[in-house]
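Lettering of chains follows the sequences in order, A, B, ..., and the numbering in each one begins at 1.
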There are 2 protein chains.
Amino acid sequence: MQMNRSTRRTRNVITINDVARLAGVSPMTVSRVVNDEKNVRESTREAVLLAVRELNYVPNLAARNLASAEHVRIGVIYSNPSAAYLSEFLVGVLDESAGKGAELLLVKCEASNPDAERISVQRLIDSAVTGVVLPPPLSESDTVREALQAAGIATVGVATGRFRSDLSCVRVDDRAAAEDMTRYLLDLGHRRIGFIKGHPNQTASAERLTGFRAALRHAPDAKAEVVQGYFTFPSGLEAAERLLDAEVRPTAIFASNDDMAAAVVSVAHRRGLDVPRDLTVVGFDDTSISTTLWPALTTVRQPVSAMAAAAIDLLLRETRAAKDGRTPEPTDVIVPHTLVERQSSSPPRPA
Amino acid sequence: MQMNRSTRRTRNVITINDVARLAGVSPMTVSRVVNDEKNVRESTREAVLLAVRELNYVPNLAARNLASAEHVRIGVIYSNPSAAYLSEFLVGVLDESAGKGAELLLVKCEASNPDAERISVQRLIDSAVTGVVLPPPLSESDTVREALQAAGIATVGVATGRFRSDLSCVRVDDRAAAEDMTRYLLDLGHRRIGFIKGHPNQTASAERLTGFRAALRHAPDAKAEVVQGYFTFPSGLEAAERLLDAEVRPTAIFASNDDMAAAVVSVAHRRGLDVPRDLTVVGFDDTSISTTLWPALTTVRQPVSAMAAAAIDLLLRETRAAKDGRTPEPTDVIVPHTLVERQSSSPPRPA
DNA sequence: GAATTGTGAGCGCTCACAATT
DNA sequence: GAATTGTGAGCGCTCACAATT
């Protein structure tokens, strides 16, 4: 017999009790299933999940936070990569954590400065974060990784060039992506191709170069010229000058990121070269500069927001598992890249 | 006599009950004071606030969210302003809302497209946001403002050039800031000054121009050349070419934002001009590009993160007041700007 | 009557343990 | 004994109302 409901505001929201009733179990069992805990019989789990789906149940995060011992607080240490990258990254981080009730703590940090890095990590530790997400370039900082590992804090790196067995990461396959782009240039008919490398402190730089070289192996008649860059616009200017000063100019230049590709376009225009008629220019990342520019850049799209979101998701999964006494193996999440063809590329002009 | 505490995890955290006990009132009274409700005697309020401060009480947001009828969800509609601006803005929004338990909902929107703007607003309304923060340039969109007002959603605009009586805003005094910068150039000794205007769809553009002109009125011997820009790097390139093509070149160029100032530096270098020896270049905003560049830009610092944080704070205050039945007057929050002197400015070369 | 303060219950979940298989 | 499920209380706040000034 149903008691008269209290006079309180009626919320017509599905709760854990509704799910429990439908599944014929206790609310605690529903809680176990929803939180992916072990020691739930498979048939029970399925019954609960069925009820969850049927009722479209979404756990109340406020209640979970209040009832559970600790709060999920995720730290993000960011340095000054391309601002375009950071804003896309933050959008992804936000979108994912907002819905999961995780608190975010952002800490700025000068990159390539071990002292500053250690201080940033310490600040996160002092703030009792449960996990940390590292966007590039800090995702490859030994200092940061070691300090976090020493403190036993779950960490996920984003956009590292390679997977390493002691750090979960979310990345694209940089090598395959660079290979795809190079093959695209070869298919257009280019045979003299300049390549601008990324910063040597990031493994993605080497991977992209490897991919570039791998594609060229299938075109023995092609000539490659490789110069160093550092992912910045100014370094791209300098690299472009070097490549375009060659006696026989390349007909295409592949820059390891969009900022440097934008610099190549800038230098080309200064020299009176039409892009793409006289020079094809392609980039990597698909950050906002690639469409701000004229001509818009052909580039490799890294789904930055989705990667950030995936990193948060992975981190939450790992911290939850850790709380449950399991120590999850570091995971290597590879997300698909896409080649985005825009106006900065075309077949070379017939000689 | 103290009962044996439950076997449950002991949290040694200050709660509303601790404050109530110390202040000699009921928890509900503490709740009223903390939430800034009316109908609390002034002496009671003071006693409670004293206890809050003494114990360093911070309300548990999860408990508040669970107990109170509705959730605070703040929408942010962003378009594609400078990426550097957006990332700073998001950092501020995040820092402020994380600590206040507000959920954030980001919606991207193509600017200057009324249909897209209406769709974005509708998405926020459908998601039951309690308030909306508008970064530029959407903070000045009539479409967006009207749609939100029609839906009765509290809104705060950021970095609008002027205050209007129907919209709370957080901004710097653009006119005064531009006047300061211009006076700085005059004090350095410049008498031929180029000015690149911002996009005409933002009131800040006009304010900055007004400030520039106001400062020049005190230097009757100075000559000004004003050209149109649109806040983008390419528009800055074009404007710089126009200014530097003049028979008598300006010795200083004041661009209405950093992106355009960076473009001016780029054009100057292309023409073999040394910055600042041959040409002083100054910007506005102090976004990350101003220090990435060489020489680093002298510019006006807008504390973007702090402004975003202030906007969130103001919004929370307004929605809370509205819940309490009060209709707060739109507020005009002006935050201080600062002139940041770096390497791109110097006295003009003696003729 | 209006302004101010307090009371008891309840928001939706998870804890620690107990009970069952 | 181990694996699985349930029980009762409690997390820290605010609601609706009642009681007091």
(message) Could you check whether any side-chain heavy atom of V76(A) comes within less than 4.5 Å of a side-chain heavy atom of P135(A), counting everything from C-beta outward?
(response) yes
(message) Does either side chain, that of S141(B) or that of E117(B), offer a donor lying less than 3.5 Å from an acceptor on the other one?
(response) yes
(message) Measuring to OP1 and OP2 of dG6(D), would you say a side-chain N or O of T29(A) lies under 4.0 angstrom away?
(response) yes
(message) OP1 or OP2 of dA3(D) versus the side-chain N and O atoms of N39(A): is any pair under 4.0 Å?
(response) no
(request) Could you tell me whether R317(B) and D36(B) have a side-chain N and a carboxylate O separated by less than 4.0 Å? (result) no
(request) Could you tell me whether R164(B) and D332(B) have a side-chain N and a carboxylate O separated by less than 4.0 Å? (result) no
(message) On DNA chain C, does the nearest nucleotide to R32(B) precede the nearest nucleotide to A63(A) from the 5' side, or the other way round? Give the residue.
(response) R32(B)
(request) Please determine, for the side chain of A67(B), which listed nucleotide (dG6(D), dC11(C), dG12(C)) has the closest atom? (result) dC11(C)
(message) Both V25(A) and A62(B) contact DNA chain D. Which one's nearest nucleotide lies toward the 5' end?
(response) V25(A)
(request) Please state how far atom CG in N35(B) lies from atom P in dC13(D), giving the value in whole angstrom units. (result) 10 Å
(request) Between R41(B) and S31(A), name the one whose nearest nucleotide on DNA chain C is closer to the 5' end. (result) R41(B)
(request) Starting from P on dC13(D), measure out to CG on D18(B) and report it in whole angstrom. (result) 9 Å
(message) Can you tell me if S26(B) touches the phosphate of dG6(C), counting only side-chain N or O atoms and a distance under 4.0 Å to OP1 or OP2?
(response) yes
(request) Counting Watson-Crick and G-U wobble pairs only, both distances under 3.5 Å, name the nucleotide matched with dT20(C), or none. (result) dA3(D)
(request) Would you indicate which nucleotide in dT5(C), dC13(D), dC15(C) comes nearest to any side-chain atom of M28(A)? (result) dC15(C)
(request) Take the protein atom CD of E37(A) and the nucleotide atom C1' of dA16(C), then report the distance between them rounded to whole Å. (result) 13 Å
(request) Provide, to the nearest angstrom, the distance between the CD1 atom belonging to I16(B) and the C1' atom belonging to dC15(D). (result) 13 Å
(message) Just the rounded figure in Å: distance from P of dT14(C) to CG of N65(A).
(response) 10 Å
(message) Counting only Watson-Crick pairs (N1-N3 plus N6-O4 or O6-N4) and G-U wobbles (N1-O2, O6-N3), all under 3.5 Å, who is the partner of dT14(D)?
(response) dA9(C)
(message) I want to verify a distance call: between dC11(C), dC13(C), dC15(D), whose nearest atom is closest to the S68(B) side chain?
(response) dC15(D)
(request) Find the distance R64(A):CZ to dC11(C):P and express it as a whole number of Å. (result) 19 Å
(request) Quickly work out the N60(B) CG to dG12(C) P distance and round it to whole Å. (result) 16 Å
(message) For a quick check under 3.5 Å, do E318(B) and S168(B) share a side-chain donor-acceptor pair by atom type?
(response) yes
(request) Using atom CG of L66(A) as one end and atom C1' of dT14(D) as the other, report the distance to the nearest whole Å. (result) 12 Å
(request) Kindly say if T44(A) contacts the phosphate of dT5(D), meaning a side-chain N or O under 4.0 Å from OP1 or OP2. (result) yes
